[in-house]
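Single-structure report; data block below.
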Amino acid sequence: MIKIIMVDDHHVVRSSIRFMLEHQSEIDVVLETDQAAECLAYLNQNTEVDVVISDIFLPEKNGLDLIREIKKISPDTHVICLSMMEEEQYASDAFLAGASAYLSKSIEAEELLFCIKHVMKGKRYLASALCISILERFNSQLGGRNYHNKHHLNLSERESLVLKGIAEGLTNQEIADKLFLSRRTVETQRENLIAKTGTRNTADLVRFSVLNGLVT
């Protein structure tokens with residue numbers, strides 16, 4: 001039997017989720033509350049709680065602080081954050097605080113049940129919609145191409161210096177003057193860098209270099 005505490009200040013949300021969970025033979029909702037303090041008090045007396053499902057924003061306590069306190073009282077209790085906020089920064093903060101999962105309140109019942117079973121195996125889970133959003137953004141930043149890892153690029157010292165100048169927005173002549181090279185040499189280095197990185201043009205080269213840590 002999976003013992004669950006629910007903490008959320010929205011009564012309708014709590015009631016809906018509890019109704020759904022209590023129809024699962026392997027789940028027992030031992031406490032439903034809108035008070036973080038009540039959750040912590042219960043855990044102090046009953047540490048054998050498997051999962052706490054909590055909103056990340058609560059009236060009297062920061063949800064991240066609640067996660068940390070839960071993990072101090074009962075390290076083996078898994079915390080699933082359920083929130084209206086779908087920005088990845090909130091999810092990241094929750095995981096760093098000790099959460100096992102981060103879900104949006106727009107999820108389907110099936111995904112919540114899957115998440116509960118997943119974290120019970122000691123694994124972490126991020127809402128599928130948020131995962132897709134992150135992948136789409138990442139793919140957009142990379143222009144839909146598979147870039148080389150920076151560790152696979154063997155740039156010479158001259159190439160690195162030219163790349164730095166390009167990233168700083170210097171012209172070929174300005175880079176040439178700065179590095180005591182001919183303008184033609186810099187032009188050749190620029191072309192070689194574009195070819196080596198598989199990029200399309202100078203702007204693409206700079207974007208690639210920043211994303212891969214070749215320049216700062």
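Every value quoted in this text rests on a predicted model; they were computed, and no experiment measured them.
Counting all heavy atoms, side chain and backbone alike, K71 lies closest to V79 at CD-CG2, 4.3 Å. Minimum interatomic distance between A101 and V119 (heavy atoms only, all atoms of both residues): CB-CG1, 3.9 Å. The two residues I175 and I166 have their closest heavy-atom pair at CD1-N, 3.7 Å. Scanning both residues, E174 and L170, for their nearest heavy atoms gives OE1-CA, 3.4 Å. Nearest heavy-atom pair across A167 and V215 is CB-CG2, 3.9 Å. Summarising the geometry of D34 relative to E60, their closest heavy-atom pair is O-OE1, 4.1 Å, with the distance given to 0.1 Å.
There is a side-chain donor-acceptor pair under 3.5 Å between S182 and T185.
Note on Y102: it does not cluster hydrophobically with I107, by side-chain heavy-atom contacts below 4.5 Å among ILVMFWY residues. By the criterion of side-chain heavy atoms lying less than 4.5 angstrom apart, applied directly or through intervening Ile, Leu, Val, Met, Phe, Trp or Tyr residues, I73 is grouped together with L58 in one hydrophobic cluster. When hydrophobic clusters are built by joining Ile, Leu, Val, Met, Phe, Trp and Tyr residues whose side-chain heavy atoms come closer than 4.5 Å, directly or via intermediates, V7 is grouped together with I70. Residues V29 and I2 share a single hydrophobic cluster, defined by chaining ILVMFWY side chains whose heavy atoms lie under 4.5 Å apart. The cluster map of Ile, Leu, Val, Met, Phe, Trp and Tyr, joined by side-chain heavy atoms under 4.5 Å apart, puts V49 and I4 in different clusters.
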Exercise for the section: Report the C-alpha separation of E168 and K164 in whole Å, then their side-chain angles, then the decisive distance to 0.1 Å, and conclude whether the salt bridge (charged side-chain N to carboxylate O under 4.0 Å, His left out) test is met. Expected result: CA-CA 6 Å; E168 291 173 352; K164 184 174 184 296; 2.5 Å; yes

Exercise for the section: Any chance you could lay out the salt bridge (charged side-chain N to carboxylate O under 4.0 Å, His left out) test for D204 and R200, step after step, and finish with the verdict? Expected result: CA-CA 6 Å; D204 206 18; R200 295 173 298 182; 3.5 Å; yes

Exercise for the section: For D55 and K105, run side chain to side chain contact (heavy atoms under 4.5 Å, CB included): C-alpha distance rounded to whole Å, both residues' side-chain angles, the deciding distance at 0.1 Å, then the answer. Expected result: CA-CA 9 Å; D55 195 339; K105 287 185 177 179; 2.9 Å; yes

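Of the charged side-chain nitrogens involved, at least one lies within less than 4.0 Å of a carboxylate oxygen, so that R183 and E187 count as a salt-bridged pair. The pair R14-D9 does not count as a salt bridge, with every side-chain nitrogen at least 4.0 angstrom from each carboxylate oxygen.
Annotation: salt bridge (charged side-chain N to carboxylate O under 4.0 Å, His left out) contacts of E22 (sequence neighbours excluded): R18.
In this structure, the side chains of L113 and I27 come closer than 4.5 Å at one or more pairs of heavy atoms. Looking only at side-chain heavy atoms (C-beta outward), L205 and L163 come within less than 4.5 Å of each other. Taking 4.5 Å as the limit, every side-chain heavy atom of S54 sits out of range of all side-chain heavy atoms of L82. Side-chain contact between D50 and M120 is present, with at least one heavy-atom pair separated by less than 4.5 Å. For the pair Q35/C39, no side-chain contact is recorded, criterion being any heavy-atom separation below 4.5 Å from C-beta on. Two residues are said to be in side-chain contact when any heavy atoms from C-beta on lie closer than 4.5 Å; M6 and V13 fail this criterion. The shortest distance between side-chain heavy atoms of I116 and L21 falls below 4.5 Å. A heavy-atom distance below 4.5 Å is not found between the side chains of V52 and I80.
Ring centers of F57 and Y90: under 6.0 Å apart, within the cut-off.
With rounding to the nearest 0.5 Å, the separation of CG in L193 from CD in E159 is 5.0 Å. Note that NE2 of H78 is 10.5 Å distant from SG of C115, once rounded to the nearest 0.5 Å. With rounding to the nearest 0.5 angstrom, the OH atom of Y42 is 11.5 Å from the OG atom of S74. Rounded to the nearest 0.5 Å, atoms OG1 (T77) and CD1 (I67) are 13.0 Å apart. Summarising the geometry, atom CG belonging to N44 is positioned 9.5 Å from atom CD belonging to E69; distances are rounded to the nearest 0.5 Å. We find the NE2-CD1 distance between H10 and I17 to be 11.5 Å, quoted to the nearest 0.5 Å.
Judged by distance alone, the side chain of E191 and the main-chain N or O of T188 form no donor-acceptor pair under 3.5 Å. Judged by distance alone, the side chain of N46 and the main-chain N or O of E48 form no donor-acceptor pair under 3.5 Å.
Note on ring orientation: taking the six-membered ring where Trp is involved, the planes of F114 and H118 are parallel (angle under 30°, cut-offs 30° and 60°).
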